[in-house]
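Have a look at the structure that comes next, please.
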Amino acid sequence: MISTVLVANRGEIACRVFRTCRDLGVSTVAVYSDADADALHVREADTAVRLPGVAPSETYLRGDLVVAAALAAGADAVHPGYGFLSENADFARAVADAGLVWIGPPPEAIEAMASKTRAKELLGIAPLGGVTEADLPVLVKAAAGGGGRGMRIVRELASLEEELRAASAEAASAFGDGEVFVEPYVENGRHVEVQLLCDAHGTVWALGTRDCSLQRRHQKVVEEAPAPGLPAALEASLLDTAVRAAKAVGYVGAGTVEFLVAGGRAHFLEMNTRLQVEHPVTEEVYGVDLVALQIAVAEGRALPAEPPSPRGHAVEARLYAEDPARGWAPQTGVLHRFDVPGGVRVDTGYASGDTIGVHYDPMLAKVIAHAPTREQALRKLAHALERARVHGPVTNRDLLVASLRHPEYTDPAALDTGFYERNLDALTAPPPGGEHAAVAAALASAASREGRFGGGWRNVRSQEETRTYGDHEVRYRPTRDGGYEVVSPEGVRVVSAAPDAVRLEVAGVARTFEVTAYEDAVHAGRHRLTARPRFTDPADLREPGSLLAPMPGTVVRVADGLAVGDRVAAGQPLLWLEAMKMEHRVSAPAPGTLTALHAVPGRQVEVGALLAVVQTDAQEEDPV
């Protein structure tokens with residue numbers, strides 16, 4: 001019997017495993033990097049062990065330190081979670097060699113399936129060799145790991161070498177393995193997968209299908225179970241193929257076989273020899289705890305001959321600290337408040353007051369809704385996200401709400417992986433009511449000042465005051481009875497105004513905005529607003545052509561041979577930033593001359609840091 005489990009991971013999945021361990025009466029051990037010293041998963045564990053002397057980006061890849069931590073803490077089993085070392089056969093062997101129970105598949109099965117190249121060879125599918133123009137577009141993929149890291153679409157042969165290098169560097173950083181391969185890229189298919197659970201006695205459960213087609217940068221954003229609208233014959237074929245793959249390698253534990261479905265055919269993608277991020281939707285539909293079953297299988301217990309019957313529909317949305325309107329740029333800072341109402345499941349590695357750093361994936365939480373039908377689950381999830389209080393850095397919350405209500409997503413026949421490529425501009429448009437949220441923010445601020453400095457009845461008409469939030473200018477004046485009159489935008493009547501709540505009436509419809517102000521932003525209802533200063537700070541002025549860091553991160557490299565004075569072409573890559581284990585390219589905005597280069601490999605930069613200056617040809621022609 002397992003008594004103490006160390007989770008060789010961090011964040012949401014560590015907290016998720018700890019929750020099941022508590023339910024089972026199993027003690028827990030966390031490991032952490034210096035950057036995670038005060039993380040939620042560390043606070044929730046019974047025991048925590050620091051992994052010393054390693055850069056935060058590499059800490060959770062050091063299997064030797066993890067095994068030593070397990071032995072030091074008295075653990076008798078290791079759960080790998082997902083990502084990091086979860087599909088590393090050498091780590092699985094090291095755990096077993098140390099006399100610990102490995103809560104995962106046999107190392108031989110990991111070796112057979114965890115590398116996408118070897119998995120394809122096992123199934124008789126060869127990756128592309130020499131790529132020609134006729135093969136395009138192609139997909140460069142990391143042989144180990146997943147989550148969109150080490151993955152690039154290549155549409156022009158001239159960019160293949162650079163994309164191979166970038167993908168390899170990203171894969172090495174995320175998984176400790178820089179091997180990549182190339183395969184044909186299938187445009188706009190559906191990403192469908194099958195959840196497996198196998199015991200050591202020959203029983204294999206295929207727990208239905210999941211659809212994971214809503215993706216950005218090949219990383220899943222919204223997942224659901226079962227995959228809607230699949231023809232019965234195709235679904236049966238997917239389940240059969242997944243079961244045969246598991247039996248072929250003597251698989252034990254939880255695993256997932258992924259397919260790309262297009263034109264009525266299923267193309268094998270990979271088998272993930274671990275628990276998937278999106279496993280909660282399967283748990284909700286089948287009424288099981290996959291982590292508890294993983295532990296039971298690792299203890300040698302047999303599964304029942306048949307899995308439970310499915311019920312209803314479940315949808316999961318991944319809430320990220322990122323700005324979809326700015327190239328999905330990851331965001332950092334204090335998560336001042338985090339609360340999701342609405343009777344939904346929330347799996348997270350953060351709590352109110354935690355800081356979102358630069359070293360790891362920007363996922364804040366997974367929010368999961370289960371209901372009797374798909375339509376009900378979508379509506380329930382969208383409503384819960386819309387009412388959530390997510391105060392702090394910019395997130396993809398509004399994008400998720402809009403996605404769940406978009407006709408292309410609510411219609412299963414329209415599902416495919418090109419959803420965001422087609423619809424991103426419309427989905428990232430500001431939610432309606434921003435001008436009224438700005439009014440609420442301005443009046444809440446005024447009410448706060450009145451409370452501090454006194455207010456009340458006035459003998460003369462007050463002067464008009466102006467506050468600007470983003471693109472919204474608010475003009476108002478205090479009234480003689482201690483209230484407020486909104487001058488602009490027109491048609492707004494103030495019902496009440498307090499520092500934390502403002503009630504407005506527009507065209508006969510009243511609405512209350514909950515308002516909370518922080519140093520970096522004001523949150524009014526679901527709107528995040530940034531006050532615009534009345535005067536521009538001269539320090540904020542940059543010369544034309546300045547290239548600023550779009551996110552906090554580390555400069556990982558500069559283009560070979562690039563030097564001040566060089567001519568650059570529009571779109572030419574100049575340098576690369578790494579943030580949260582993803583590489584982000586900074587390119588020349590237009591043809592011109594590089595007049596300054598401040599980026600140095602290894603340098604950490606904050607948002608807005610000056611990286612380089614390109615004097616464009618247009619600037620040279622206009623000597624203003």
Side-chain angles (χ1 to χ4, degrees), residues 319 321-323 325 331-341 350-356 364 385-398 401 430-456 462-479 482-489 492-506 510-537 540 552 606-608:
L319 183 65
E322 66 183 10
D323 189 346
Q331 306 292 296
T332 60
V334 177
L335 183 63
H336 300 290
R337 185 176 183 184
F338 183 48
D339 173 45
V340 183
Y350 290 93
S352 298
D354 286 349
T355 297
I356 304 161
L364 299 180
L385 286 166
E386 188 173 45
R387 295 170 57 213
R389 298 175 182 91
V390 190
H391 295 178
V394 174
T395 73
N396 69 335
R397 187 266 299 276
D398 291 333
V401 173
E435 68 275 20
H436 301 139
V439 171
L443 298 185
S445 176
S448 178
R449 295 196 306 273
E450 291 282 353
R452 291 197 302 269
F453 304 116
S462 297
Q463 277 192 314
E464 193 176 285
E465 297 189 34
T466 301
R467 295 293 298 272
T468 303
Y469 297 90
D471 296 330
H472 304 297
E473 182 182 84
V474 179
R475 291 187 288 124
Y476 66 95
R477 63 170 62 94
T479 59
Y484 299 94
E485 175 191 0
V486 177
V487 179
S488 177
V492 180
R493 186 177 78 85
V494 183
V495 179
S496 63
D500 59 352
V502 174
R503 188 167 179 82
L504 305 175
E505 184 180 289
V506 180
R511 179 183 175 190
T512 299
F513 289 85
E514 181 184 276
V515 181
T516 311
Y518 305 97
E519 290 184 5
D520 53 352
V522 179
H523 292 265
R526 63 182 284 196
H527 298 268
R528 182 184 189 276
L529 306 167
T530 303
R532 186 187 301 176
R534 295 179 61 188
F535 305 102
T536 302
D537 186 340
D540 291 338
E606 296 299 323
V607 173

>> If I compare all heavy atoms of Ser352 with all of Phe338, which pair ends up nearest, and what's the gap?
In response: OG-N, 2.8 Å
>> For a quick test of reading the model, state the closest non-hydrogen atom pair linking His472 to Ala438 and the distance between them.
In response: CB-CB, 3.7 Å
> Taking all non-hydrogen atoms of both residues, which atom of Pro489 and which atom of Val492 are closest, and how far apart?
Replying inline: O-CG2, 3.7 Å
>> I need the Thr468 OG1 to Leu529 CG distance, nearest 0.5 Å.
In response: 11.5 Å
> Would a 4.5 Å heavy-atom cut-off, applied to side chains only, mark Thr395 and Gln331 as touching?
Replying inline: no
> More than 12 heavy atoms of other residues, nucleotides or ligands under 6.0 Å from CD of Glu606: is that the case?
Replying inline: no
>> As an exercise, state the distance from CG of Asn396 to CG of Leu364, rounded to the nearest 0.5 Å.
In response: 8.0 Å
>> For Tyr518 and His336, take the angle between the two ring planes, folded into 0 to 90°, and tell me which bin it lands in: parallel under 30, tilted 30 to 60, perpendicular over 60.
In response: parallel
>> So Phe513 and Leu443, do their side chains get closer than 4.5 Å, heavy atoms only?
In response: no
>> Checking side-chain contact (heavy atoms from CB on, under 4.5 Å) between Arg389 and each of Arg526, His523, Glu514, which is the one that passes?
In response: Glu514
>> Could you report the tightest heavy-atom contact between Tyr350 and Leu335, atom names first, then the distance?
In response: CB-CD2, 3.8 Å
>> Within the structure provided, determine whether Val334 and Asp520 are in side-chain contact (heavy-atom separation under 4.5 Å).
In response: no
> Any Lys/Arg nitrogen of Glu465 or Arg467 sitting under 4.0 Å from an Asp/Glu carboxylate oxygen of the other?
Replying inline: no
> So, Arg397 side chain and Ala388 main chain: donor-acceptor pair closer than 3.5 Å or not?
Replying inline: yes
> How far does CG of Asp339 sit from NE2 of His391, to the nearest 0.5 angstrom?
Replying inline: 9.0 Å
> Between Leu504 and Val494, is a side chain to side chain contact (heavy atoms under 4.5 Å, CB included) present by the stated rule, with each step listed?
Replying inline: CA-CA 5 Å; Leu504 305 175; Val494 183; 4.2 Å; yes
> At their closest point, which heavy atom of Val502 faces which heavy atom of Ala444, and how far apart are they?
Replying inline: CG2-N, 3.8 Å
> Where do Val487 and Arg477 come nearest, in terms of heavy atoms and distance?
Replying inline: CG2-NH1, 3.8 Å
> Arg532 versus Asp471: any side-chain heavy-atom pair under 4.5 Å?
Replying inline: yes
